[in-house]
Peer 1: 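Dumping the structure here so I can ask a few things about it.
Chain A is the first sequence line, chain B the second, and so forth, proteins listed ahead of strands; every chain is numbered from 1.
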Amino acid sequence: MDHPVASSQLTESLVKRLAGPSTGKAGLAKDQTEINRIIAEASKGSKFYENEKRKDKDLTERIARILKLRDEAIEGVDLTKIEHHVDKLIVDLENGRDLSQVIVHFDMDAFFANVELLHNPTLKGKPFSVGGGVISTASYEARKYGVRSGMPSFIAKKLCPELILLRSHYEWYNEESNKVFTILRRYDPRLSAAGCDEGYLNITPYLQKHNLNPDECVEEIRRTVHAETNLTVSAGIAPNMNKPNGQYHLAFDSKTIIDFMGGLSIRKVPGIGRVNERLLESVGVKTCGDIYTHRAVLYLMDKQFGLRFLLRTYLGIASNEVKPYERNERKSIGAERTFSPLSTTKDMLDKLEEVAAELEGDMESSGWMGRTVTLKFKLDTFQVLTRAKSLNHWVNKKEELFAVGKELLFPELPISIRLIGLRVTKLKDLKASTSEGIKRFFGLAQQATSGSKRKAYDIDEDEADNASVDQEHDNDDDVMPGFHEQDEADIDPSQHDVDDDEELQIIQPLAHTRKRPPNSVPGISMSHPPALRSRSKSAGPSRSHGAAIAAPSTTISTPPETHTCPICNEVLTTNNTGLNAHIDYCLSRDAIKQAQGTSTKANKVLSSGDTTKEYAMNGLKRLKLRPDAPVKSKRKG
DNA sequence: GCGGATCAC
DNA sequence: TATGGTGATCCGC
């Protein structure tokens, strides 16, 4: 059935991709279907759109391969037995849950837009957006029309003719961002920034010192930020969300967290983007609760879907580690630029040289050199390609970067491109091993010496990731394809004041942490917290993530050993052995009930651990599965 | 090590 | 009137 696709027959996923849900909520000035229609109309026929269609088709084929693989995998297999085994894994993970740390995720509301408001109050109440050709942030009024971050301005204008398009003022955002982070550091000097308007705080020590509970503290933080900057911030404590004005609290217990997670769309989990959402959906997993339901299949397809990551997501367990970004974590540094399609060698070289000059400036000012240079270019068809070369020495000079770039570009020639960029990896830190390194060395030595620094972690497992979500607004996010910026939350003016938005999230605390977390926190993007890249670099508001928390155990150290049975949810005060005994009992009881026809979720026992790996960065394993069907379409020009 | 992909912000 | 930029990770070669 490979009939020409009627132009009107856009797949659901594609439409979603182009517009983003935000299902018709009351209060929207425009109906979502109307919004989708306008966007589809404006996109149709463009190269960008055609490229999206191509990708969508590839994904559909990939899904077909996955389903085939699944069918082969489950054939003749006793899924019940597998479920038992997985349940055992779940118990192990549950035992590792750490509810001792109170971690808060904060996110500035419509950051760029609100900073613009500070500079121009007359914009209040009007639909406006910040950004150039592509919108970084839209005011709440603009969002009512379907305007979203990541959306090209010309489409936004169609959705909202009165839209006021503002240019970005990064200096202003940087300044405000610094103010906010400075305030937040009073509550956790080691906070972890995730961009210029978002981050995580471990307020456990602060709470103890000031004898506050999480809600009081978060309220104080939000109040202080607003008082000192006139900007509003949303925060999530554990599974917290803010309803009317801020805080809603989710109890710090396993059952509550699991129940909460259960209703969340997996798309809300960091690391699960549009592609993984579709892949998981193809095997029946739409919500975090579905992970449990389909655990046997997910187990069999661990290679495609990282079972362990998903189980932790189901349980609502994530990393508990909150620490500042460290210089030595940097892996690459690069620069790229988009322009109207160019095809003459001279034009392209001019752009390449510009990019090389910019990169040299950045490398020099930040003190890095690297041994591998990667050229990136995007064809006028929007297809992105890269070509790399490793050298015997470290480079950071424009001339050399340019030379290597040329060398990589020439063989590709004749091409027509709309973007060109250079990235350097295999870095050498020019500022390391000097005073800074010495300091760090002594710092670590001191820590090690003071041994008891706080036992903090339990066993040492591996990994650390997190999952989080937003709740309440079902889907509001998603914008245009490639850009995802994120609207922090959907606004539903009919419900609350636009001022404090909603948002909420969770983060799952987890017990063991590893020394070096693969990347626990979503993305510690830019270097230091706030720092926006000076120029027209990027940034934009966020996606919701979670932060959250942990049990407020009064005693900071090791909380009494209480565990919640993953089967019956009963809270037990016992050690692992006792817990396992209880679970065995529980499982057998469950089996009986099941035999009697009682529907139950959990099943039985398990045996040992598993060797699932996880996606270091975001969690999900690559759901690849490519028998190899290279982009059939034109292979690079 | 390289190139393609996915993801976050 | 034509859809961003920076950085990271993972997979399969």
Side-chain angles (χ1 to χ4, degrees), chain A residues 18 39 42-43 45-49 51-52 55 58-59 62 107 111 131-136 149-156 168 193-199 269-277 279 303-304 306 329-341 358-359 362 371-372 374-376 378 380 382-390 418-419 421 423 425-426 479-486 488 518-519 521-527 532-533 535-545 613-628 630-631 636:
Chain A
L18 291 169
I39 294 175
S43 302
S46 67
K47 295 224 169 124
F48 174 83
Y49 178 72
N51 187 249
E52 288 303 314
K55 290 196 291 186
D58 289 348
L59 180 55
R62 188 168 149 197
D107 188 319
F111 190 54
V134 166
I135 292 168
S136 291
S149 51
M151 180 179 282
S153 300
F154 77 94
I155 288 181
S168 302
C196 66
D197 74 328
E198 184 181 348
V269 177
I272 296 183
R274 291 190 181 80
V275 173
N276 285 322
E277 175 187 31
L279 293 178
K303 290 282 191 297
Q304 286 75 41
E329 291 173 34
R330 184 187 265 275
K331 303 281 188 298
S332 74
I333 180 168
E336 62 187 59
R337 183 156 304 179
T338 290
F339 36 76
S340 43
E358 187 175 326
L359 181 54
D362 288 351
R371 292 189 47 223
T372 298
T374 300
L375 171 74
K376 171 183 176 182
K378 186 187 288 181
D380 57 9
F382 282 86
Q383 188 171 11
V384 177
L385 302 168
T386 60
R387 295 292 179 265
K389 174 168 185 167
S390 290
R418 65 179 343 272
L419 169 151
R423 178 159 297 277
T425 51
K426 291 244 176 69
V479 187
M480 296 299 282
F483 211 133
H484 204 57
E485 198 32 338
Q486 230 40 299
E488 19 254 50
N519 212 335
V521 185
I524 291 155
S525 59
M526 346 202 111
S527 32
L532 293 191
R533 291 270 276 123
R535 270 192 265 302
S536 59
K537 308 246 174 164
S538 70
S542 54
R543 168 192 180 137
S544 22
H545 280 323
K613 289 185 211 142
E614 298 177 329
Y615 229 7
M617 175 167 154
N618 302 316
L620 235 218
K621 266 194 167 175
R622 208 163 239 290
L623 303 170
K624 232 166 168 153
L625 193 174
R626 45 152 41 185
D628 226 1
V631 196
K636 98 189 178 163

Peer 1: Determine yes or no for a side-chain-to-main-chain donor-acceptor pair under 3.5 angstrom, with A:Lys331 supplying the side chain and A:Glu329 the backbone.
Peer 2: yes
Peer 1: With a cut-off of less than 4.0 Å, is there a side-chain N or O of A:Arg330 near OP1 or OP2 of C:dA8?
Peer 2: no
Peer 1: Specify the separation, in whole Å, of atom NZ of A:Lys376 and atom C1' of B:dA5.
Peer 2: 11 Å
Peer 1: So does A:Arg337 get a side-chain nitrogen or oxygen closer than 4.0 Å to the phosphate oxygens (OP1/OP2) of C:dT6?
Peer 2: no
Peer 1: Whole Å only: how far is the CZ atom of A:Arg387 from the C1' atom of B:dA5?
Peer 2: 14 Å
Peer 1: Is there a side-chain contact between A:Ile39 and A:Met151 (heavy atoms, below 4.5 Å)?
Peer 2: yes
Peer 1: What is the distance, rounded to the nearest whole Å, between atom CD of A:Glu277 and atom P of B:dC7?
Peer 2: 9 Å
Peer 1: OP1 or OP2 of B:dC7 less than 4.0 angstrom from a side-chain nitrogen or oxygen of A:Asn276, does that happen here?
Peer 2: yes
Peer 1: Taking side chain to side chain contact (heavy atoms under 4.5 Å, CB included) as the test, write out the residues that go with A:Phe154, two or more places apart.
Peer 2: A:Ala42, A:Pro152
Peer 1: Both A:Ser332 and A:Lys378 contact DNA chain C. Taking the nearest nucleotide for each, which residue is further toward the 5' end?
Peer 2: A:Lys378
Peer 1: Name the closest nucleotide to the A:Arg62 side chain, picking from B:dT6, C:dG7, B:dG4.
Peer 2: B:dT6
Peer 1: Rounded to the nearest angstrom, tell me the gap between atom CG in A:Asp362 and atom P in C:dG7.
Peer 2: 7 Å
Peer 1: Contact class for A:Ser390 (heavy atom, under 4.0 Å): base, sugar-phosphate, or nothing?
Peer 2: sugar-phosphate
Peer 1: Calculate, to the nearest 0.5 Å, the distance between atoms CZ and CG belonging to A:Phe48 and A:Asp380 respectively.
Peer 2: 14.5 Å
Peer 1: Would you find a donor on one side and an acceptor on the other, under 3.5 Å apart, between the side chain of A:Ser153 and the backbone of A:Gly133?
Peer 2: yes
Peer 1: Name the closest nucleotide to the A:Glu336 side chain, picking from C:dG5, C:dT9, B:dT6.
Peer 2: C:dG5
Peer 1: Can a side chain N or O of A:Thr372 be found less than 4.0 Å away from OP1 or OP2 on B:dG1?
Peer 2: no
Peer 1: Of the nucleotides C:dT6, C:dG7, C:dA2, which one has an atom closest to the side chain of A:Ile333?
Peer 2: C:dG7
Peer 1: Quick one: A:Glu198 CD to B:dC7 C1', roughly how many Å, whole number?
Peer 2: 14 Å
Peer 1: How about A:Thr386 and A:Arg423: do any of their side-chain heavy atoms sit closer than 4.5 Å?
Peer 2: no
Peer 1: Ignoring the backbone of A:Lys426, work out which of B:dG1, B:dT6, B:dG4 is nearest its side chain.
Peer 2: B:dG1
Peer 1: Could you tell me the separation between the CD atom of A:Gln304 and the C1' atom of C:dG12, rounded to a whole number of Å?
Peer 2: 13 Å
Peer 1: Does a side-chain N or O of A:Arg418 approach OP1 or OP2 of C:dG4 to a distance below 4.0 Å, or not?
Peer 2: yes
Peer 1: Holding to side chain to side chain contact (heavy atoms under 4.5 Å, CB included), I want the full list of residues that pass it with A:Lys426, two or more places apart in sequence or in another chain.
Peer 2: A:Arg371, A:Thr372, A:Ser390
Peer 1: Side chain of A:Arg423: nearest nucleotide among C:dT3, C:dT6, B:dT6?
Peer 2: C:dT6
Peer 1: Select one nucleotide: of C:dG7, C:dT3, C:dT6, the one nearest the side-chain heavy atoms of A:Ala335.
Peer 2: C:dT6
Peer 1: Quick one: on DNA chain B, does A:Leu59 or A:Lys389 contact a more 5' nucleotide (nearest heavy atom)?
Peer 2: A:Lys389
Peer 1: Choose from B:dG4, C:dT6, B:dT6 the nucleotide whose nearest atom is closest to any side-chain atom of A:Thr386.
Peer 2: B:dG4
Peer 1: Given C:dT3, C:dT6, B:dG3, identify the nucleotide with an atom nearest to the side chain of A:Ala388.
Peer 2: B:dG3
Peer 1: Rounded to the Å, how far apart are A:Gln383 CD and C:dA2 C1'?
Peer 2: 18 Å
Peer 1: Which nucleotide, C:dT3, C:dG5, C:dA8, lies nearest any side-chain atom of A:Ile155?
Peer 2: C:dT3
Peer 1: Let me know the distance between CD1 of A:Ile135 and P of C:dG5, rounded to the nearest Å.
Peer 2: 16 Å
Peer 1: For DNA chain B, whose closest nucleotide is more 5', that of A:Val384 or that of A:Arg371?
Peer 2: A:Arg371
Peer 1: Closest approach to the side chain of A:Ser46, judged atom by atom: which nucleotide of C:dT3, C:dT6, C:dG4 is it?
Peer 2: C:dT3
Peer 1: Have a look at A:Ser340 and say if it touches a base, only the backbone sugar-phosphate, or nothing, with a 4.0 Å heavy-atom cut-off.
Peer 2: nothing
